Student: 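After the structure tokens below, expect a handful of questions from me.
Note that the structure is predicted; figures quoted are calculated from it, not measured.
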Amino acid sequence: MSLYENIKCPVCNETFKEGDDIVTCPDCGTPHHRECYEKLGKCVNASLHNTEFIFSRESESVAEPEIKKAELTQDEYYVPSENKGEQNATKVCAVCKTEIPADAEICPNCGTAQLNADTSAGHQENNAGTNFKNANDEIDGVKITDVASAIAVNPLKYLVKFKKNKKINWNWSAFIFGPYFFFFRKLYLPGVIITALQLACKLVVFTFYSKELSVVMNGIESAYSAKDRNQIFEAVMQLSQTPEYAKVSLAMTIIFAVTLVLHIICAITADSLYRKKIINIVKNVDEKIENFDSFSISNPFLDIYDKNLSMDEVRKQLLMRQGGVSTFAPLIAFLAVYLITGFMP
């Protein structure tokens, strides 16, 4: 306990006592109560980790020399894992330094894929051909940790696909949701193009078969106005034998076929388009940071520049903002399609 005598936890400001569960930041040596560290989610001096800051022991009664990292023993370091047992084994995220479960493939705090020397073997067994060795591996000249930050949601799935870089790949999410997948992943241009093609198909078909559609709709409305179920059934059966109904069925088949083709196009192009977008975001992020730097960091609209964040953390936040996903965009697109379709003849 002499190592931390008269030292206060920088989070709760309580002096360390004999028997306290104390953890030490592996970057700067700052001691914390384990509970305080886990509650904060990072070292209280995390913003200084990109400097030469090393925690120094100073108190009113004791003035000891600066504690260097080399002077700290393995037990004094905050090295979570073996001492906690298999069920509670943890590790520290290589990027944000948050303690996370040892088997976690993605950091729940920063979203970074945990691809390091300790986990790469198991990861490669599950994802043959990935060939990630550590967090410094690159895809098209950019680090996978940056790519993972820009993807934000479900990064491991796309890191594997991006690494393989197949010209044609199949994306089930894009096939099922079509253009709404693009809007969700902020691929707005292809999303707008596919949506416009779907609407154009419906407009042409509805216009060409407008008379038949009108006859069938009026027939259905008339049939269901009958009170007797047998009369409704007979009316619907009679309507289904009319030439107008046959033409409407053909119109619906055309719309379905075009929609299916467009969804297939979405499925086979989604990964390559998304890969190109993410790589461009990562490559341009430093230039965007320089442009932001031309403004005052205290600008309230630039809340990404939190004074407690290092530039590496700012960079990561910017990657997540430029990339990431949008739940608002697909909802707006769906409502727009619904309204436009409602005005069609």
Student: Does Val44 offer a backbone N or O that forms a donor-acceptor pair with the side chain of His32 under 3.5 Å?
Tutor: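 Such a contact is found between His32 side chain and Val44 backbone.
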Student: Would you check if Ile194 and Cys266 make a side-chain contact, meaning some heavy-atom pair closer than 4.5 Å?
Tutor: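 Ile194 reaches Cys266 side chain to side chain.
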Student: Checking side chain to side chain contact (heavy atoms under 4.5 Å, CB included) for the pair Ile139/Arg275: CA distance, chi angles, key distance, verdict?
Tutor: CA-CA 10 Å; Ile139 298 175; Arg275 184 182 192 275; 3.3 Å; yes
Student: Using the side chain to side chain contact (heavy atoms under 4.5 Å, CB included) rule, take Val11 and Lys39 through it: C-alpha gap first, then chi angles, then the decisive distance, then the call.
Tutor: CA-CA 9 Å; Val11 179; Lys39 184 181 296 184; over 6 Å; no
Student: Less than 4.5 Å apart, any side-chain heavy atom of Ser272 and any of Lys167?
Tutor: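 In short, these two side chains do not touch, never coming nearer than 4.5 Å.
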Student: Above 12 or not: heavy atoms from other molecules or residues under 6.0 Å from CZ of Phe175?
Tutor: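 Yes, the 6.0 Å shell around CZ holds more than 12 heavy atoms from other groups.
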Student: Got Cys28 and Leu48 here, is their nearest side-chain heavy-atom distance under 4.5 Å?
Tutor: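 The answer is no; the side chains never approach within 4.5 Å.
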Student: Hey, is CZ on Phe177 packed in by over 12 heavy atoms from elsewhere, all under 6.0 Å?
Tutor: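 Counting neighbours around CZ of Phe177, 12 or fewer heavy atoms of other residues, nucleotides or ligands fall under 6.0 Å, so no.
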Student: Where the side chain of Ser222 meets the backbone of Asn218, is there a donor-acceptor pair that is under 3.5 Å apart?
Tutor: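 Not at all, since once roles are kept as given, no pair shorter than 3.5 Å links the two residues.
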Student: Atom CG of residue position Leu339 - does it have more than 12 heavy atoms of other residues, nucleotides or ligands inside 6.0 Å?
Tutor: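 Yes, enclosed.
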Student: Does Asp228 reach the main-chain N or O of Asn230 with its side chain, forming a donor-acceptor pair under 3.5 Å?
Tutor: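 Indeed, once roles are kept as given, a pair shorter than 3.5 Å links the two residues.
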Student: In Å, rounded to the nearest 0.5 Å, how long is the span from CZ of Arg34 to OG1 of Thr24?
Tutor: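 Reported to 0.5 Å precision, the distance equals 9.5 Å.
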Student: Quick one, Val236 with Tyr224, criterion side chain to side chain contact (heavy atoms under 4.5 Å, CB included). Give me CA distance, side-chain angles, the key distance, then yes/no.
Tutor: CA-CA 8 Å; Val236 171; Tyr224 280 92; 4.2 Å; yes
Student: Within a strict 4.5 Å, meaning less than it, do heavy atoms of the Thr269 and Phe182 side chains meet?
Tutor: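 Of all side-chain heavy-atom pairs linking Phe182 with Thr269, at least one is under 4.5 Å.
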Student: Report yes or no: does Ser214 contribute a side-chain atom to a donor-acceptor pair with the main-chain N or O of Ser210 at less than 3.5 Å?
Tutor: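 Between the backbone of Ser210 and the side chain of Ser214 there is no qualifying donor-acceptor contact (under 3.5 Å).
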Student: Side-chain contact, heavy-atom cut-off 4.5 Å: Ile279 with Val147?
Tutor: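 Heavy-atom side-chain distance check passes, below 4.5 Å.
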Student: Is any side-chain heavy atom of Asp146 closer than 4.5 Å to a side-chain heavy atom of Val285?
Tutor: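 No, side chains not in contact.
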Student: Looking only at atom types and distance, does a side-chain atom of Lys277 sit under 3.5 Å from a main-chain N or O of Lys186, one as donor and one as acceptor?
Tutor: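 Judged by distance alone, yes, a pair lies under 3.5 Å.
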Student: If every non-hydrogen atom of Glu212 is compared with every non-hydrogen atom of Lys247, which pair is closest and at what distance?
Tutor: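 What the structure gives for the nearest pair is OE2-CD, 3.5 Å.
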Student: Please confirm whether Tyr158 and Tyr274 have ring centers closer than 6.0 angstrom.
Tutor: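 Yes, the ring of Tyr158 comes within the 6.0 Å limit of the ring of Tyr274, centre to centre.
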Student: Which label fits Tyr180 and Phe183: parallel for a plane angle under 30°, tilted from 30 to 60°, or perpendicular past 60°?
Tutor: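 Tilted: the ring planes of Tyr180 and Phe183 meet at 30° to 60°.
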Student: Are any non-hydrogen side-chain atoms of Ile264 and Trp170 less than 4.5 angstrom apart?
Tutor: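 Yes. Closest side-chain heavy atoms under 4.5 Å.
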Student: Would a hydrophobic clustering, with Ile, Leu, Val, Met, Phe, Trp and Tyr connected at side-chain separations under 4.5 Å, put Tyr338 with Phe184?
Tutor: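 No, it is not one cluster - the side chains of Tyr338 and Phe184 are not joined through contacts under 4.5 Å.
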Student: Are any non-hydrogen side-chain atoms of Ser326 and Arg185 less than 4.5 angstrom apart?
Tutor: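 No - every pair of side-chain heavy atoms lies 4.5 Å or more apart.
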Student: Check the hydrophobic clustering (I, L, V, M, F, W, Y; side-chain heavy atoms under 4.5 Å; chains of links allowed) and say if Val204 and Ile193 are grouped together.
Tutor: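 Cluster IDs for Val204 and Ile193 differ.
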Student: Does atom CE of Met252 have more than 12 heavy-atom neighbours from other groups under 6.0 Å away?
Tutor: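 Count over threshold, so yes.
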Student: Is there a path of hydrophobic side-chain contacts, each under 4.5 Å between heavy atoms of I/L/V/M/F/W/Y residues, joining Leu203 to Ile340?
Tutor: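 Yes, Ile340 and Leu203 fall within the same hydrophobic cluster.
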Student: For a quick test of reading the model, state the closest non-hydrogen atom pair linking Cys201 to Ile255 and the distance between them.
Tutor: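 So the minimum-distance heavy-atom pair works out to SG-CA, 4.1 Å.
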Student: Considering non-hydrogen atoms only, spot the tightest contact between Lys161 and Asn171 and give its length.
Tutor: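 For Lys161 and Asn171, the tightest heavy-atom pair comes out as NZ-ND2, 4.0 Å.
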